[in-house]
Asker: 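Have a look at this one.
As a basis for the values below, the full set of heavy atoms in this structure was taken, side chains included, without hydrogen atoms, waters or symmetry mates.
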Amino acid sequence: MDMTQGVLFVHSAPRALCPHIEWAAGGAIGAQARFDWTPQPAAPGLVRAEVCWRAPAGSGARIASALRGWDSLRYEVTEEPSAGVDGGRWSHTPELGIYHAVTDSAGNILVPEDRIRSVMERASGDPIKLSTEMALALGEAWDEELDAFRHAGEGAPVRWLTKVG
């Protein structure tokens with residue numbers, strides 16, 4: 001089984017959810033998890049954590065799915081590409097829900113051909129509608145909402161979470 005790695009960024013969470021997040025993320029890849037939680041300056045009263053992980057390909061989706069449903073969380077999961085498997089990024093905010101994108105080896109979002117064709121069809125030649133639809137395809141609303149939380153976490157401690165066995 002091909003291994004890959006990625007990062008789980010919990011941008012903001014209520015402190016009461018911390019042990020549940022650790023259990024869910026660790027359980028998604030079969031590892032025991034302990035995160036270094038720090039205050040989230042962009043959201044007083046909430047905490048944040050960054051955890052690097054190494055596990056079989058597809059684990060990014062398992063982690064994102066394990067955290068889905070807790071609407072008070074802001075998080076992102078990244079997975080690097082591995083042999084025969086595209087990379088990915090999953091972003092979640094309470095207001096927007098979850099967004100998934102395929103990524104290349106540099107972390108750039110790849111918009112599939114069928115999605116581009118669908119965007120062009122819905123835009124029907126209207127350049128404003130085309131711009132709006134492409135912004136949605138690229139996850140711009142999620143980036144805009146999460147950006148303040150990303151920068152507030154610069155310099156925070158990072159732990160490694162590795163599948164055992």
Asker: Group every Ile, Leu, Val, Met, Phe, Trp and Tyr by side-chain heavy-atom contacts under 4.5 Å, then state whether Leu130 and Ile116 land in the same group.
Answerer: yes

Asker: Determine, stepwise, if the pair Phe149 / Leu46 fulfils side chain to side chain contact (heavy atoms under 4.5 Å, CB included).
Answerer: CA-CA 11 Å; Phe149 294 90; Leu46 300 179; 5.7 Å; no

Asker: Membership question, hydrophobic clusters at under 4.5 Å side-chain separation (ILVMFWY): are Val51 and Trp37 in the same one?
Answerer: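 Yes, same cluster.
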
Asker: Nearest 0.5 Å please: distance from the CD atom of Glu50 over to the CG atom of Leu8.
Answerer: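 So the CD of Glu50 and the CG of Leu8 are separated by 9.0 Å.
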
Asker: Which one of Val10, Val77, Ile98 satisfies the side chain to side chain contact (heavy atoms under 4.5 Å, CB included) criterion with His92?
Answerer: Ile98

Asker: Does anything in residues 55-69 pair up under side-chain hydrogen bond (donor to acceptor under 3.5 Å, both in side chains), and if so which pairs, sequence neighbours excluded?
Answerer: Ser59-Arg62

Asker: Check whether Ser118 reaches the backbone of Asp114 with its side chain - one donor and one acceptor, N or O, closer than 3.5 Å.
Answerer: no

Asker: Using ring pair (Phe, Tyr, Trp, His ring centres under 6.0 Å) as the criterion, list what pairs up with His100, not counting sequence neighbours.
Answerer: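 For His100 the ring pair (Phe, Tyr, Trp, His ring centres under 6.0 Å) partners, ignoring immediate neighbours, are Trp90.
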
Asker: Thr78 side chain to Val7 main-chain N or O, any donor-acceptor pair under 3.5 Å?
Answerer: yes

Asker: What distance do Glu133 atom CD and Ser124 atom OG have between them, rounded to the nearest 0.5 Å?
Answerer: 10.0 Å

Asker: How long is the span from the CD1 atom in Ile21 to the CG atom in Leu73, to the nearest 0.5 Å?
Answerer: 4.5 Å

Asker: Please determine whether side chain to side chain contact (heavy atoms under 4.5 Å, CB included) holds for the pair Val47 and Phe35, giving the CA-CA distance in whole Å, both sets of side-chain angles, and the decisive distance to 0.1 Å.
Answerer: CA-CA 11 Å; Val47 293; Phe35 296 6; over 6 Å; no

Asker: I would like to know whether Trp142 and Leu136 meet side chain to side chain contact (heavy atoms under 4.5 Å, CB included); could you show each step before the answer?
Answerer: CA-CA 9 Å; Trp142 284 264; Leu136 180 61; 4.0 Å; yes

Asker: Once rounded to the nearest 0.5 Å, what's the spacing between atom CG of Leu146 and atom CZ of Arg74?
Answerer: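 That separation rounds to 7.5 Å.
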
Asker: Checking Glu76 side chain against Arg89 main chain: does a donor-acceptor pair fall under 3.5 Å?
Answerer: no

Asker: Is atom CD of Glu95 surrounded by more than 12 heavy atoms (other residues, nucleotides or ligands) closer than 6.0 Å?
Answerer: yes

Asker: To the nearest 0.5 Å, what is the distance between CZ (Arg115) and CE (Met134)?
Answerer: 8.5 Å

Asker: I need the minimum non-hydrogen distance between Thr103 and Gly88, along with the two atoms involved.
Answerer: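 Closest pair (atom of Thr103, atom of Gly88, distance): OG1-N, 3.1 Å.
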
Asker: Looking only at heavy atoms, what is the nearest atom pair of Trp53 and Gly60, with distance?
Answerer: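 Looking at all heavy atoms of both residues, the closest pair is CH2-N, 3.6 Å.
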
Asker: So which atom in Ala148 and which in Ala42 form the shortest heavy-atom distance, rounded to 0.1 Å?
Answerer: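 Nearest heavy atoms, Ala148 then Ala42: O-CB, 4.0 Å.
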
Asker: Would you name the heavy atoms of Ala25 and Ile63 that are closest together and state the gap between them?
Answerer: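 Result for this residue pair: O-CG1, 4.3 Å.
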
Asker: Could you tell me whether Glu113 and Arg117 make a salt bridge, using a distance below 4.0 angstrom between a side-chain N and a carboxylate O?
Answerer: yes

Asker: Under a 4.5 Å side-chain heavy-atom rule over Ile, Leu, Val, Met, Phe, Trp and Tyr, are Val111 and Val119 clustered together?
Answerer: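 As far as the 4.5 Å side-chain criterion goes, Val119 and Val111 are connected within one cluster.
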
Asker: Just by modelled atom types, is the Glu80 backbone N or O under 3.5 Å from a matching donor or acceptor in the Thr4 side chain?
Answerer: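 The answer is yes, because a donor-acceptor pair under 3.5 Å joins these two groups.
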
Asker: Closest heavy-atom contact between Pro19 and Ala16?
Answerer: CD-O, 3.7 Å

Asker: In terms of hydrophobic clusters joined by side-chain contacts under 4.5 Å, are Met120 and Ile109 together?
Answerer: yes

Asker: Restricting to non-hydrogen atoms, name the atom on Ala57 and the atom on Ser82 that form the minimum distance, rounded to 0.1 Å.
Answerer: CB-OG, 3.5 Å

Asker: Surrounding CZ of Arg122 (heavy atoms of other residues, nucleotides or ligands, distance under 6.0 Å), is the total greater than 12?
Answerer: yes

Asker: We want to know whether Gln40 and His11 form a side-chain donor-acceptor pair, criterion being a heavy-atom distance below 3.5 angstrom.
Answerer: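 No, no side-chain donor-acceptor pair sits under 3.5 Å.
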
Asker: To the nearest 0.5 Å, tell me how far Glu145 CD sits from Ser91 OG.
Answerer: 10.5 Å

